[in-house]
Q: 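This is the structure, below, for whatever I ask next.
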Amino acid sequence: MDAIFQDLTDAQREAVTHVDGPLLILAGPGSGKTRVVTHRIAHMLANGVRPWQIAALTFTNKAAEEMRSRVDALAPGQPVWMGTFHRFCAQLLRRYGGMVGLSENYSIYDMSDAKQAMKRAIAAADVSTTHASPEQIAAAISRSKNRLITPEMMEGHSLTPGDTIAAKVYPVYQQQLLTANAVDFDDLLLHIARLIRENPEVRAELDAKFKYILVDEYQDTNLAQYAIVRALSIDNPNLAVTGDPDQSIYGWRGADLNNILDFEKDYPSVKTVRLEKNYRSTPNVLRVADQLIRHNQKRKQKDLFTDNPEGDPVVLRIFEDGYKEADGIADEIAAAISTEGLKPSDFAVFCRMNALTRSLEHAFRARALPYQIVNGVEFYQRREIKDLLAYLHLVNNPNHDVAFQRVVNVPTRGVGAKTIEKIRAHADYHRIPMLEAARHASSIEGLAKRSASAVTKFVSIYDRLCIKATATLEDLIRYLIEEIGYEAYLEKSMVEQQDSNPMANVDEFVTAAVEFDRRHPEDGSLDAFLEQVALVADTDALDGSTDRVTLMTLHAAKGLEFPCVYIIGVEDDLIPHSRSKSTEQEFEEERRLLFVGITRAEQRLQLSLCKRRAVRGDIRPVIPSPFLNELPLEDIKRIESAVERNWFDEEFDQSYPDSWDLPDLSDSDGADSDLGDIDQAGSAAHRKGSGSIGDDTDFVSEMPTLMNVVDEAAQVPAPPTSASSVSSKPKKKMILSGLKTGADMLSGGATPLTAYREGVQVRHGEHGEGTIIAVTGRGPKRTAKVQFDDGEHSFRLAYAKLELVDSP
DNA sequence: CCCCTGTTATTTTTT
DNA sequence: ATAACAGGGG
């Protein structure tokens, strides 16, 4: 009992002791939020609240597990429901699915399943994909689902052209899902939200059952989630939410920041607790984070403070390119491990995109540094695992058409695309599942006897498999592998690809099944296993127990902490991402993303960027992230490696400026920071500032677009930048000098799209010279139709290798 | 029908 | 750089 209150601050205690009524906990990073939540649950249990009256909803399984283990430590063995929103809904749907047309053994489509289903729906809806890609349509439908918009509601209301297309596909997609007795991720929430809304008695029942609801990371809730928790907190308004508006980074997925900002309006009687004391980071780190996030408009001001010792200054490091960045960081980490007694697991490297981990991987491997990538190729996404899972799905739910299509010809047994197409058409026509259609293969019109018998063969394998459906998972899977000769198939088809060992993955899969059997000796049902698999995310695979450096995206980093953190690629178009900076909202979310990354650091933090970075093959000059100008540069130690001059590279001076348009630091004593072995011999600090870029309030809008500048460059080749020259317009100068000029430019990828006009002569590696006869579309879709000697061809200008031919 | 090859399109974040 | 795709030969 005393353990519950031990070492709590006043604010924390206030939250912990709150039992009835709405509660808002605004928790800054590292403020002991989980501690408060778990202690509060323990406190409630100790004060008469029955465990089954509590539901604690999280976004990730990892968070749920963390909560579970810490509650267990305080109040062992209490059956409090803890898990993700999606799992919560999935389990309700097992019970109430009948009310929305699903039977108990419904399947959850993962992303790739849903993608397949979407393509089929698009085809069935007879919608052309010329104006909207399947992905765009899927995204539009997903957005609608997150906002609780049903197919019927979309009719007539659709405004944008994209939505009009989506509105046509949406009902077909939903119908096909229903026929397949399946849901996608969004449906889990949507179905439950609708069910509760349309069935007051169910709502009341659940409201009464879950008398106390806790929501973690409330800033990440979307409308569907919001509707669910609100609806279940009417009769018993004991809704406790924790969150931090500054850490909302899932707006792109439908999360609505207003849910937390307006919580106090939703529940006027709310008790609000602010947790502002930080237990995680040094003041240095915290100051940088705080300065950055102050630039956001949409937030609730919190005053972060800490009692922690000052620690090392935050480091901003500038590298020449992505390889040097990776090598430099790997060297530093290796050095810190060998000289300072730090462990690999003390380090984490964050980046905006998964693709950026590649160079780090190489660097780590070369130094034999153990690492783990949180979002590499996910285990359950591997071909061999998906194959086996699809069989299991089909056993569990014969209507699972996506699974059927995946496995009907695995291993290859003579059922080709044409055959599948005919089965699908037959199934669509009679509105039956494909497996059902396959049973009548011989009577399907236009299906060759040979094909029909191949299909029949599959059906009989399937039927034999189903007999084992009630056996243990282990038996079922082993039987499956044996029956279809999967091992032989793998050996034959997976022609020795380096470092992939499919059979080892299969073994691991069997191990996972054995483990599931062991943990669910009684209720080890197939659908429970499949649900489990469907709802585990990649980030949940993060293994904290092994001693490895962790590589992951900034998104994946939320909720974690590490002694030493590196954030790479703090560059414009990366953070903020080029596709997330057009609106103020997106821009602020990107700022929050960086904030989240920064606040993961306990002791040391290094932000880094490159002067140039390879983007899909070609190397491009880099613009520093605008967020760097918002940091307290006087608190930051800036390190820039000396430029290695390639005497033979005449272009170098033009391409890569010596001066960087970040303010110089007054602190230029050159002493090594404690952050590993940075700034060693051979890379003496090379600090040259060109002054601040001035008042940066309009930084983004004032930024010249690449295109403007290129046009200019084409007319006036940039002179070589001398090391001492300081341009009055650093921004522009930098971009200019980063570009190749003259003929180089024309042959490179930097030709302005505007140069391609009707009548212009171009050269193509394959077709020779030709004349542009038409130009259509905009942005990346801008397309030129070219008349060559060998006929007409169309090219996406952003991708095609079309050279301009110098006009005579 | 299967497999290989060359071609083309595609790049954010994920429950 | 990589994945998905289309088309042709076996």
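What you see is a predicted model; the values in this text were computed from it and never measured. Numbered from 1 within each chain, the chains take letters A, B, ... in sequence-line order.
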Q: Just the atom pairs and distances: protein N or O near nucleotides 2-6 of chain C's N or O, under 3.5 Å.
A:
| from | atom 1 | to | atom 2 | distance (Å) |
| --- | --- | --- | --- | --- |
| C:dC5 | OP1 | A:K119 | NZ | 3.4 |

Q: Classify the side-chain pair A:N259/A:T221 by whether it contains a donor and acceptor separated by less than 3.5 Å.
A: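 Looking only at side-chain atoms, A:T221 and A:N259 do form a donor-acceptor pair, the distance falling under 3.5 Å.
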Q: If you check the A:S451 side chain, which of B:dC1, B:dT15, B:dT14 turns out closest?
A: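 The answer is B:dC1, which lies nearest to the side chain.
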Q: What's the shortest heavy-atom distance between A:E589 and A:Y250, and which atoms?
A: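 Scanning both residues completely, I find the closest heavy atoms to be OE2-N, 3.6 Å.
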Q: For A:S580 and for A:K418, find the nucleotide of DNA chain B with the closest heavy atom, then tell me which residue's nucleotide is more 5'.
A: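 It is A:K418 whose nearest nucleotide is closer to the 5' end.
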Q: Report the distance from atom CZ of A:R592 to atom C1' of B:dT13, rounded to the nearest whole Å.
A: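 Nearest whole value for this atom pair: 13 Å.
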Q: Please give, in whole Å, the distance from B:dT15 P to A:L535 CG?
A: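 Distance check: A:L535 CG to B:dT15 P gives 10 Å.
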Q: Could you tell me whether the side-chain ring of A:F59 sits stacked on the base of B:dT15, using a centroid cut-off under 5.5 Å and a plane angle under 30°?
A: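 No, A:F59 does not stack on the base of B:dT15.
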Q: Any carboxylate oxygen within less than 4.0 angstrom of a Lys/Arg side-chain nitrogen, looking at A:K33 and A:D244?
A: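 Salt bridge absent between A:K33 and A:D244.
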Q: With a 4.0 Å cut-off on heavy atoms, is A:N409 in touch with a base, just the backbone sugar-phosphate, or nothing at all?
A: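 It contacts sugar-phosphate atoms only.
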Q: Can you find a side chain N or O atom of A:T419 that sits less than 4.0 Å from OP1 or OP2 on B:dC1?
A: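 Yes, such a contact exists.
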Q: In this structure, how many angstroms lie between the P atom of B:dT15 and the CD1 atom of A:I249, rounded?
A: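 To the nearest whole Å, that distance equals 11 Å.
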Q: Please state how far atom CG in A:D187 lies from atom P in B:dT14, giving the value in whole angstrom units.
A: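 Atom CG in A:D187 sits about 21 Å away from atom P in B:dT14.
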Q: Using a 4.0 Å heavy-atom cut-off, does A:S578 contact any base of the nucleic acid, only the sugar-phosphate backbone, or nothing at all?
A: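 A:S578: no heavy atom of the nucleic acid under 4.0 Å.
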Q: Using a strict cut-off of less than 4.0 Å between a Lys/Arg side-chain nitrogen and an Asp/Glu carboxylate oxygen, indicate whether A:R147 and A:D256 qualify as a salt bridge.
A: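 So A:R147 does not pair with A:D256 through a salt bridge.
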Q: More 5' along DNA chain B: A:V415 or A:E590, using each one's nearest nucleotide?
A: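 Looking at DNA chain B, the more 5' nearest nucleotide goes with A:V415.
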Q: Does B:dT14 have OP1 or OP2 sitting under 4.0 Å from an N or O in the side chain of A:T553?
A: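 Yes, within the criterion.
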Q: Charged N to carboxylate O below 4.0 Å: is that the case for A:K581 and A:D572?
A: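 Between A:D572 and A:K581 there is a salt bridge, with a charged N closer than 4.0 Å to a carboxylate O.
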Q: When you measure from the side chain of A:R253, which nucleotide among B:dC2, B:dT15, B:dT13 comes out closest?
A: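 Of B:dC2, B:dT15, B:dT13, B:dT15 is nearest to the side chain of A:R253.
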Q: Between atom CD in A:Q532 and atom C1' in B:dT15, what is the gap in whole Å?
A: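 It works out to 14 Å between those atoms.
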Q: Between A:E584 and A:K298, does any NZ, NE, NH1 or NH2 come within less than 4.0 Å of an OD or OE carboxylate oxygen?
A: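 No, this pair does not count.
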Q: Would you mind checking if A:R299 and A:E588 are paired as a salt bridge, meaning a charged N to carboxylate O distance below 4.0 Å?
A: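 A:R299 and A:E588: not salt-bridged.
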Q: Distance from A:H191 atom NE2 to A:R194 atom CZ, nearest 0.5 Å?
A: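 Those atoms lie 8.0 Å apart.
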Q: In whole Å, what is the span from the CG atom of A:N146 to the C1' atom of B:dT13?
A: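 The distance from CG of A:N146 to C1' of B:dT13 comes to 14 Å, rounded to the nearest Å.
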Q: Nearest whole angstrom, please: distance from the C1' of B:dT13 to the CD of A:E589.
A: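 Atom CD in A:E589 sits about 9 Å away from atom C1' in B:dT13.
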Q: Pick base, sugar-phosphate or nothing for A:F185, based on heavy-atom distances below 4.0 Å to the nucleic acid.
A: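 The residue A:F185 makes base contact.
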Q: In whole angstrom, what separates A:L593's CG from B:dT13's P?
A: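 Taking CG of A:L593 and P of B:dT13, I get 11 Å after rounding.
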